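Just so we're on the same page: letters track the sequence lines, and every chain starts at 1. All values reported here derive from a predicted model rather than from experimental measurement. As a basis for the values below, the full set of heavy atoms in this structure was taken, side chains included, without hydrogen atoms, waters or symmetry mates.
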Amino acid sequence: MDIYLLEAIINGLLLGGVLALLSLGLNLIFGVIDVVWICYAEVVMAAMYAVFWLYTFYGWPLLLACAAAIVFATVLGLLVHIVVIEPILGSAPINQLLATGGVLFFLQSLATLLFGTDFRNLGIRLPVLELGGIFISFSRLIAFGIALVGAVGLFLFLSRTYLGTAVRAIAQDREVMGLMGVNERRIYVLTSAIGSGLAGLAACLLVLQYDVHPFIGLTFGPITFMVCVLGGLGNMIGGFIAAFIISQIIAVGGYYFPIEAAEVLAFVFFIVLILIRPQGILGK
Amino acid sequence: MRGGRDTRLLLYLPLAAAAAAPFFLSDYFQHMAVQIAIWSLVYTAWALMGRFRLTSLGHGAFLGVGAYVPTLLWNNYGVTPWLGIPLAMALAIALALIVGYPSSRQKVVGHYFALVTLALGQVVLLVIVAMRDVTGGSLGMTPHTVGHSWYALQLPNKAEFYAVALVAWLAGLVAWRYVERGMIRLALESIAEDEDAAESAGVDVLREKLKITAVSSGLTALGGALYAQYLMYLSPDAMSGVGISLQIVFAAIAGGMYNMLGPTIGAAFTILLTEGLRVLFGTHFVGAANTIYGALLVIFIIFMPRGIVGLAERILARPRVPPAPAAPEPAE
């Protein structure tokens with residue numbers, strides 16, 4: 001096999017890890033609360049700025065800045081849930097989606113207002129590994145590893161803890177669980193916190209690889225939605241698999257075509273598949 | 001009957017006056033008016049689908065096709081926009097039907113419909129960027145200018161362009177009225193309420209959905225074409241993609257998507273708000289307008305999902321009609 005193709009495949013795999021992490025949080029929120037956060041990628045963007053400012057401007061150690069950014073994303077997510085989602089939990093789901101779209105505009109424009117449209121990066125150059133002629137970005141490798149750890153952590157939380165069980169139960173049957181004495185509202189708040197915390201984690205990993213600017217959410221937000229829908233909205237395992245399918249299409253497509261063409265390919269694949277199987281690849 | 005006609009006159013006379021006023025005002029106001037007319041058309045087109053719970057987050061796709069196709073034809077082959085625009089509308093409709101047909105067949109609704117259309121908008125954006133050899137990519141492009149020419153639909157005289165935009169806007173309202181008065185509204189409302197029930201009652205769900213999709217996408221492409229001809233500058237982010245698609249949705253909702261004039265009021269509201277904030281804050285605060293805009297949208301959707309028109313209707317209706325006893329809320 002062509003060594004550059006192999007490199008593309010490996011890089012696609014690594015990209016898939018981050019996409020998987022992004023889709024986990026969104027899927028969790030959708031599965032439990034039945035809301036699509038159109039502004040999910042903007043929460044990530046905000047957390048990326050948090051890392052950037054704390055690290056470069058205030059001189060915090062990177063790990064501490066990342067931890068603070070995760071807390072920041074969590075608080076932001078809680079605000080989104082409590083201020084925007086909760087008042088309209090009873091109305092049509094599409095209204096909730098649109099309301100978070102308003103949040104998208106708000107965060108994006110606020111970032112423009114505060115920071116301008118400059119592209120900013122941490123200025124950290126992580127080494128590039130060479131393995132038998134294949135070049136692998138170290139930051140991507142770290143991102144992949146942490147994404148996997150995050151996914152496993154979420155899985156253990158959902159399957160092994162009492163609260164996690166309650167979260168899964170709500171996702172399965174909203175009404176009955178209320179009757180069984182589970183406080184839905186509390187579970188919703190918890191879910192939003194975890195989901196946005198994962199967005200914060202993803203932000204820490206993305207900021208190592210990409211410049212941050214107010215509109216970065218628009219570049220990988222749509223890909224995240226695509227991954228979630230492809231896996232079956234709310235289906236976390238499906239989303240996980242879909243993340244790797246999409247990232248491979250983009251990476252391998254990018255090897256043969258210009259990168260936009262590769263992304264077009266991924267979106268077209270998505271549209272076609274969703275029109276054949278609206279329930280997603282793992283849906284019933 | 002006579003009373004009804006009188007109140008209607010009372011409503012339409014000021015409207016006609018407002019629509020005619022820019023002809024007598026300065027360039028600046030004509031510029032505002034052209035933008036309001038064009039975007040009103042686009043928002044009206046979106047609301048034609050949105051009001052029946054076909055919430056598209058991908059109308060930027062049709063806007064982009066409408067903007068780029070006539071310009072590309074003009075620049076590369078010298079085809080007049082009078083031919084290019086209908087062609088672009090036909091292409092947009094074809095694109096809408098290619099996605100609309102299977103998604104109606106597979107009953108892709110709600111979140112899924114929103115996200116599939118969002119992907120469609122992104123596809124058009126990326127295609128425009130990828131074809132940078134002819135479209136200029138992210139940098140945008142300009143139609144070859146020939147000065148004042150009706151043949152090229154290049155009208156530096158704002159009043160003339162306003163007349164064109166006004167006709168297009170009226171076309172949107174006519175389409176709305178046709179839908180409002182026809183069987184198609186009843187059919188689509190029943191589909192929005194319960195698709196299976198509508199189908200079993202004999203509604204041709206697929207056909208009705210595709211009809212409204214075609215009208216909506218075609219008119220959106222017309223709006224995109226006019227906007228490009230007016231600005232004489234096209235860029236992928238301004239004409240396509242998620243950002244503009246969401247802007248369309250929100251302006252339509254802010255105005256009120258269940259009323260013929262709602263989207264128009266949404267256009268006037270958002271454009272005047274943006275302009276007002278620009279005058280107020282200056283260009284130092286790029287984003288100030290949109291920040292307030294975003295916050296307002298959240299407030300609109302939470303507190304007044306029927307938009308400005310819905311609020312006005314409620315206030316106007318209050319003195320005459322006592323609170324209806326548990327009247328079923330219309331679909332929102």
request  = Counting only heavy atoms closer than 4.5 Å, note whether B/Ala295 contacts chain A via side chain, backbone, both or neither.
outcome  = both
Short side-chain to backbone donor-acceptor contact, B/Gln106 and A/Ile276, under 3.5 Å = yes
ask   = What residue, out of A/Val84, A/Leu275, A/Val264, has the most heavy-atom pairs lying under 4.5 Å from chain B?
value = A/Leu275
task = Quick one: closest heavy-atom pair of B/His111 and A/Asp34, and the distance?
result = CE1-O, 3.7 Å
task = Tell me, out of B/Gln247, B/Gln122, B/Met131, who's got the most heavy-atom pairs with chain A below 4.5 Å.
result = B/Gln122
message = Can you tell me which portion of B/Arg105 sits under 4.5 Å from chain A's heavy atoms? Options are side chain, backbone, both or neither.
response = neither
Selection from B/Val298, B/Leu57, B/Val124 maximising heavy-atom pairs under 4.5 Å formed with chain A = B/Val298
message = So for A/Leu110, is it side chain, backbone, both, or neither that comes closer than 4.5 Å to the heavy atoms of chain B?
response = both
request  = Grab the two heavy atoms, one from B/Ala119 and one from A/Phe267, that are nearest each other, plus how far apart they are.
outcome  = CB-CD2, 3.7 Å
ask   = Measuring heavy-atom distances to chain B, does A/Val272 have an atom under 4.5 Å in its side chain, in its backbone, in both, or in neither?
value = neither
ask   = A/Leu107 versus chain B, heavy atoms under 4.5 Å apart: side chain, backbone, both or neither?
value = neither
note = Cut-off 4.5 Å, heavy atoms of chain B, and the answer for A/Ile271 is side chain
Chain A contact via B/Ile292 - which portion, at a heavy-atom distance below 4.5 Å = neither
task = Identify which part of A/Ile223 has an atom lying under 4.5 Å from any heavy atom of chain B, answering side chain, backbone, both or neither.
result = neither
inquiry  = For B/Leu115, which atoms come within 4.5 Å of any heavy atom of chain A: side chain, backbone, both, or neither?
reply    = both
Spatial distance of atom CD (A/Glu260) from atom CG (B/Leu125) [nearest 0.5 Å] = 9.5 Å
query = If you take all heavy atoms of A/Ala261 and B/Ala130, which pair is closest and at what distance?
reply = N-CB, 4.3 Å
note = Highest number of heavy-atom pairs under 4.5 Å with chain A among B/Val108, B/Leu126, B/Leu296, B/Thr55 belongs to B/Leu126
query = In terms of heavy-atom pairs under 4.5 Å, which option from B/Leu297, B/Val249, B/Thr291, B/Ile301 contacts chain A the most?
reply = B/Thr291
task = Can you see which heavy atom on A/Phe105 is nearest to which on B/Leu246, and at what distance?
result = CE1-CB, 3.9 Å
task = Please look at A/Ile88 and chain B and tell me whether the side chain, the backbone, both or neither of the residue comes under 4.5 angstrom of a heavy atom of that chain.
result = side chain
inquiry  = Looking at B/Tyr233, I want to see if its OH is surrounded by more than 12 non-hydrogen atoms of other residues, nucleotides or ligands under 6.0 Å.
reply    = yes
ask   = Contact part of B/Val123 toward chain A, heavy-atom cut-off under 4.5 Å: side chain, backbone, both or neither?
value = both
query = What's the shortest heavy-atom distance between A/Pro87 and B/Ile302, and which atoms?
reply = CB-CG2, 3.9 Å
request  = Tell me, for A/Phe215 versus chain B, whether the close heavy atoms (under 4.5 Å) come from the side chain, the backbone, both or neither.
outcome  = neither
note = Turns out that what part of A/Pro222 lies under 4.5 Å from chain B's heavy atoms comes down to both
